[in-house]
Chemist: 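Got a structure for you, questions after.
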Amino acid sequence: MVILNTFISDDTVVPEYTQIGIKQVRKENPDATILFICKKEQPWFRNLRVQWVSQDKLSEGKGIALFDKYCTFNRHGTPKTTHPSPDNFWYRTAERIFYLREAIEAYKLTNVFHFENDVMIYDSFKNIVGKMPTDIVSAIPMSQTHSTFALAYIPTVDSMDFMCEYFIDLLSKGEPYLQRKGYDHISEMSLLNMAMRNGYAAQLPILPSVGLSNSIDLIFDPGSYGQFLGGTNNGHPSGFIDPTHFIGQHFARTEDRPERPFEDGHPYFQGSKIFNLHIHSKNLKDFYND
């Protein structure tokens, strides 16, 4: 089992809050191998036993070349926030999926967990790896039009190829084709959403009523629980609910709300343990279990 994270950018410094997320996952997974793809090795990698993977050394991979050939969208995300999106934000966040694929092949990795840099992990991956589908990438649904790699499980490079080849097929049709499918913009979230709809990726459970096989009593956060507990990067305070999210729609039908990590260090919703929190506000320090 391996944890593989990324910061695909021309910048040589990884955002500071990333260190908090890695510190948290290391606490929950003390013996796990952690690899991190970025431009330059970070000074805090050694203390947290993180192995640096050079972004530049992976950049000539065949998957990266295909992505660069067919990906035409280059807009950035939301500007004027507490952590403004860099130029080409949506391009880079989609491109990182192909960097993950290149690293998995180059290092001959299996049973890989990936989570985004503003995500906190509250349990050991050892407790869920045996419950995951073994032939397909698993990630988290968010809404009718967006799914997220906030946390993803990649069992093999073949499962990654299965999904990435579908992404390339979609991108080769052009952005107008994808927008006609009902997406307001194209990103890795809309590509993943279409992959889930068409059987190229599996869905992790986000509500207690729907669980993984083998009756695992865990749910996963695409961003909705973290936004409610910690607010957003766009100025929303804690208590924010996005009505387009599946979880937001569930909140509208019930008075139940997620609980912050308490005595046992885990967040909960309706009695089910939330495995991760996607802290959109980037205030990860407020959710670190000391």
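Residue indices begin at 1 and follow the sequence shown.
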Chemist: Give a yes or no answer on whether the side chain of Gln24 reaches the backbone of Ile121 with a donor-acceptor pair at less than 3.5 Å.
Modeler: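 The answer is yes, because a donor-acceptor pair under 3.5 Å joins these two groups.
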
Chemist: So if you build clusters from Ile, Leu, Val, Met, Phe, Trp, Tyr with side-chain heavy-atom gaps below 4.5 Å, do Val119 and Phe240 land together?
Modeler: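 In one cluster: no.
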
Chemist: Might you work through the side-chain hydrogen bond (donor to acceptor under 3.5 Å, both in side chains) test for Glu175 and Thr72, ending with a clear yes or no?
Modeler: CA-CA 7 Å; Glu175 189 170 7; Thr72 57; 4.6 Å; no

Chemist: Find the distance between CG (Asn193) and CD (Gln144) and round it off to the nearest 0.5 Å.
Modeler: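 Going from the CG atom of Asn193 to the CD atom of Gln144 covers 8.0 Å.
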
Chemist: Return yes if some donor-acceptor pair links the side-chain N/O of Asn117 with the main-chain N/O of Thr6 below 3.5 Å, else return no.
Modeler: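 Such a contact is found between Asn117 side chain and Thr6 backbone.
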
Chemist: Is it the case that the side chain of Lys282 and the backbone of His280 share a donor-acceptor pair, with hydrogens and angles ignored and the cut-off at 3.5 Å?
Modeler: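 Yes, because the side chain of Lys282 sits within donor-acceptor range (under 3.5 Å) of the backbone of His280.
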
Chemist: Find the distance between CD1 (Ile64) and NZ (Lys62) and round it off to the nearest 0.5 Å.
Modeler: 12.0 Å

Chemist: Hey, quick one: are Val53 and Val13 part of the same hydrophobic cluster, counting side-chain heavy atoms closer than 4.5 Å, chains of contacts allowed?
Modeler: no

Chemist: Can you tell me which residue among Phe167, Tyr99, Tyr91 is in a ring-ring contact (aromatic ring centres under 6.0 Å, His included) with Phe67?
Modeler: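 It is Tyr91; the other options fail the test.
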
Chemist: Only counting residues at least two apart or in another chain, list the ones meeting salt bridge (charged side-chain N to carboxylate O under 4.0 Å, His left out) with Lys23.
Modeler: none

Chemist: I'd like to know whether Asp68 forms a side chain to side chain contact (heavy atoms under 4.5 Å, CB included) with Phe98, so could you lay out the CA-CA distance, the side-chain angles of the two residues, the decisive distance to 0.1 Å, and finally the verdict.
Modeler: CA-CA 10 Å; Asp68 291 342; Phe98 290 82; over 6 Å; no

Chemist: Once you round to the nearest 0.5 Å, how far does CG of Leu109 lie from CG of Leu4?
Modeler: 6.5 Å

Chemist: For Glu102 and Gly63, indicate whether the former's side chain and the latter's backbone hold a donor-acceptor pair under 3.5 Å.
Modeler: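 Present.
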
Chemist: For atom CD of Gln270, decide whether the heavy atoms of other residues, nucleotides or ligands shown that lie under 6.0 angstrom number more than 12.
Modeler: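 More than 12 within 6.0 Å, yes.
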
Chemist: Quick one, Ile154 and Met163 - any side-chain contact, counting heavy atoms below 4.5 Å?
Modeler: no

Chemist: Got a salt bridge between Asp11 and Lys39, using NZ or NE/NH1/NH2 to carboxylate O under 4.0 Å?
Modeler: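 So Asp11 does not pair with Lys39 through a salt bridge.
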
Chemist: Could you check whether any side-chain heavy atom of Ile274 comes within less than 4.5 Å of a side-chain heavy atom of Glu259, counting everything from C-beta outward?
Modeler: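 A side-chain contact under 4.5 Å is absent here.
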
Chemist: Verify side-chain hydrogen bond (donor to acceptor under 3.5 Å, both in side chains) between Thr244 and Asp242, making sure each step is shown before the conclusion.
Modeler: CA-CA 5 Å; Thr244 68; Asp242 191 324; 2.7 Å; yes

Chemist: Step by step, would you call Leu284 with Asp118 a side chain to side chain contact (heavy atoms under 4.5 Å, CB included)?
Modeler: CA-CA 7 Å; Leu284 275 65; Asp118 55 355; 4.1 Å; yes

Chemist: Is a side-chain N or O of Asn283 found less than 3.5 angstrom from the main chain of Gly230, in a donor-acceptor match?
Modeler: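 No, the answer is negative, given that no donor and acceptor are paired below the 3.5 Å cut-off.
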
Chemist: Examine distances only and state if a side-chain atom of Arg49 and a backbone atom of Pro30 form a donor-acceptor pair shorter than 3.5 Å.
Modeler: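 Yes: the side chain of Arg49 pairs with the backbone of Pro30.
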
Chemist: Are Lys126 and Asp31 packed together at the side-chain level, in the sense that at least one heavy-atom pair is separated by less than 4.5 angstrom?
Modeler: yes

Chemist: Between Leu207 and Ile247, is there a side-chain heavy-atom distance shorter than 4.5 Å?
Modeler: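 In short, these two side chains touch, coming nearer than 4.5 Å.
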
Chemist: Does the separation of the ring centres of Tyr288 and Tyr17 fall below 6.0 angstrom?
Modeler: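 No; Tyr17 has its ring centre 6.0 Å or more from that of Tyr288.
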
Chemist: Would you compute the distance between atom CG of Asn276 and atom CZ of Phe220 and round it to the nearest 0.5 angstrom?
Modeler: 7.0 Å

Chemist: Are Leu100 and Phe149 side-chain neighbours, meaning at least one heavy-atom pair lies under 4.5 Å?
Modeler: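 They are not in side-chain contact.
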
Chemist: Determine whether a donor-acceptor pair (N or O, by modelled atom type, separation under 3.5 Å) exists between the side chain of Trp52 and the backbone of Cys38.
Modeler: yes

Chemist: For Arg96 and Glu188, what are the C-alpha separation, side-chain angles and deciding distance, and is it a side chain to side chain contact (heavy atoms under 4.5 Å, CB included)?
Modeler: CA-CA 9 Å; Arg96 74 192 158 119; Glu188 91 286 354; 3.2 Å; yes

Chemist: Using a strict 4.0 Å threshold on nitrogen-to-oxygen distance, state whether Lys285 and Glu16 make a salt bridge.
Modeler: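 Between Glu16 and Lys285 there is no salt bridge, as every charged N stays at least 4.0 Å from the carboxylate O atoms.
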
Chemist: What orientation do Trp44 and Phe36 show, parallel under 30°, tilted 30 to 60°, or perpendicular over 60°?
Modeler: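 The arrangement is perpendicular - the two ring planes meet at more than 60°.
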
Chemist: Does CZ belonging to Arg197 count more than 12 external heavy atoms closer than 6.0 Å?
Modeler: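 Result for CZ/Arg197: enclosed.
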
Chemist: Let me confirm one number: the CD-OG distance from Gln249 to Ser143, rounded to the nearest 0.5 Å.
Modeler: 8.5 Å

Chemist: Under the criterion side chain to side chain contact (heavy atoms under 4.5 Å, CB included), I'd like the reasoning laid out for Met194 against Leu178: C-alpha separation, chi angles, the key distance, then a yes or no.
Modeler: CA-CA 9 Å; Met194 291 193 72; Leu178 296 173; 3.7 Å; yes

Chemist: For the pair Ser138 (side chain) and Tyr153 (backbone), establish whether a donor and an acceptor sit closer than 3.5 Å, ignoring hydrogens and angles.
Modeler: no

Chemist: Quick one: ring-ring contact (aromatic ring centres under 6.0 Å, His included) partners of Phe251, sequence neighbours excluded?
Modeler: Phe228, Phe269

Chemist: For residues His114 and Glu116, determine if any side-chain heavy atom of one lies less than 4.5 Å from a side-chain heavy atom of the other.
Modeler: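 Yes, close enough: below the 4.5 Å cut-off.
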
Chemist: Can you tell me if Phe246 has over 12 outside heavy atoms packed within less than 6.0 Å of its CZ?
Modeler: yes

Chemist: Hydrophobic cluster membership, with links at side-chain heavy-atom distances under 4.5 Å among I/L/V/M/F/W/Y: are Tyr200 and Met142 in one?
Modeler: no

Chemist: Side-chain contact test, heavy atoms from C-beta onward, threshold under 4.5 Å: evaluate it for Arg26 versus Asn47 and give yes or no.
Modeler: no

Chemist: Shared ILVMFWY cluster between Met120 and Tyr268, side chains joined below 4.5 angstrom?
Modeler: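 No, because Met120 and Tyr268 fall into different hydrophobic clusters, even though each may have its own neighbours under 4.5 Å.
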
Chemist: Between the side chain of Glu95 and the main-chain N/O of Ile8, is any donor-acceptor distance below 3.5 Å?
Modeler: no

Chemist: Please report the interatomic distance CZ(Phe115) to OG1(Thr148), rounded to the nearest 0.5 Å.
Modeler: 13.0 Å

Chemist: Could you walk me through whether Glu165 and Arg101 pass salt bridge (charged side-chain N to carboxylate O under 4.0 Å, His left out), step by step?
Modeler: CA-CA 11 Å; Glu165 287 168 7; Arg101 186 256 168 230; over 6 Å; no

Chemist: Give a yes or no on whether the backbone of His278 and the side-chain of Asp221 come within a donor-acceptor separation of less than 3.5 Å.
Modeler: yes

Chemist: With a 4.5 Å cut-off on side-chain heavy atoms, are Phe287 and Tyr122 touching?
Modeler: yes

Chemist: Between Asp10 and Arg92 (salt bridge meaning N to carboxylate O under 4.0 Å), is one present in this structure?
Modeler: yes

